[in-house]
Amino acid sequence: MAAPRSPSSLAPLWDVVLTVLASLSLGRVFCTVFQLDGTFFKLAAVDQPTRSQTLIALAAGGAALWLFRRRFPAGMASRVAAPFALTFPLIFLPTGFWTVVAAIAALGWSVYRAVRAGIGGGAVRLCGRYRKTTVALLALIALLLIAQGIYASHLAFRTLYLAGTDWMTYLEVPYNFFTRGSFYSDYPFPLFSAGHFMPGYIVLLSPLFGLLPGFTAAAAAGAVLLWGGGLLFYWLGRRLKMSVFAAAAGALVWM
């Protein structure tokens, strides 16, 4: 009669299983979700990723596991990715708000487990040693996200996937202030600050939208303010004596 396997002999298998679950869960988030509304708990997404998207997600997970196993022993990946076991039943359901929230929560929990296990010490040292490289990588990521944001906004504009009232709120009032000195919107009826009290925003951005009225300037300004804020987070973190790694990690979370 064969002797029972020791738990350690199954560690590589569990690494693969949990990596597959993590890849499928996160791949769904990145491949199927167009918009996540945390205020009204709404989601714009397709039900399931395509076959090619699923294969790409699995390939990315496999590459990540291969790199992880070159540095850490078998079993460590499954310890870190264990929260994704809870997402297994959700893989067979259509993409919904709570399936996405579950995947994001599992990712956050996994990052916490990785830090508790001592993973990331090398990254802390590398960031401290190569500060300029870290800043350059952050700037590159920010530029790529800004370009992606402008492109996505143009796609939304071309397909009429926009809410007119929001654009009136954030574009019309600064334009009116620049051209007429008015804090009122005209659409759908005259209303102070379009119902949103934001005089600082109106005054600061009125020159931009007054001189460059139209969609392109709005899309570019929104993308720069949103993803460029990650670089501002890094700068403020370093001013507050945060380590290079902590400031860079905070900037990535922001972006």
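Partners of Thr99 under the side-chain hydrogen bond (donor to acceptor under 3.5 Å, both in side chains) rule, at least two apart in sequence or in another chain, do not exist in this structure. Not counting sequence neighbours, the partners of Thr50 by the side-chain hydrogen bond (donor to acceptor under 3.5 Å, both in side chains) test are Ser52, Gln53. For the ring pair (Phe, Tyr, Trp, His ring centres under 6.0 Å) test, no residue two or more places apart in sequence or in another chain qualifies with Tyr112. By the side-chain hydrogen bond (donor to acceptor under 3.5 Å, both in side chains) test, Thr19 pairs with no residue at all, sequence neighbours left out. Under the ring pair (Phe, Tyr, Trp, His ring centres under 6.0 Å) criterion, Phe88 pairs with Phe92, not counting sequence neighbours.
In the displayed structure, Tyr184 atom OH is contacted under 6.0 Å by at most 12 heavy atoms of other residues, nucleotides or ligands. By the neighbour-count criterion of 12 heavy atoms within 6.0 Å, atom CZ of Arg238 is densely surrounded, having more than that number from other residues, nucleotides or ligands.
A donor-acceptor distance shorter than 3.5 angstrom exists from the side chain of Ser110 to the backbone of Val80, with no hydrogens or angles considered. Trp14 places no side-chain N or O within donor-acceptor distance of the main-chain N or O of Ala82, the cut-off being under 3.5 Å.
For the pair Arg70 and Trp66, the distance from NZ or CZ to the six-membered ring centre is under 6.0 Å and the angle to the ring normal is within 45 degrees.
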Contacts under 3.5 angstrom, residues 134-148 side chains, donor-acceptor by atom type, not counting sequence neighbours:
{"from": "Thr134", "atom 1": "OG1", "to": "Tyr130", "atom 2": "O", "distance (Å)": "2.8"}

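The two residues Gly210 and Phe178 have their closest heavy-atom pair at CA-CD2, 3.4 Å.
Cluster membership for Leu90 and Val20, using ILVMFWY side-chain heavy atoms within less than 4.5 angstrom, is not shared.
Residues Phe177 and Phe183 place their aromatic rings such that the two centres sit under 6.0 Å apart.
Annotation: side chain of Leu107 is in contact with side chain of Phe84 (closest heavy-atom distance under 4.5 Å). In this structure the side chain of Leu205 reaches within 4.5 angstrom of the side chain of Leu225, judged on heavy atoms.
A donor atom on one side chain and an acceptor atom on the other are not found under 3.5 Å apart for Ser182 and Asn176.
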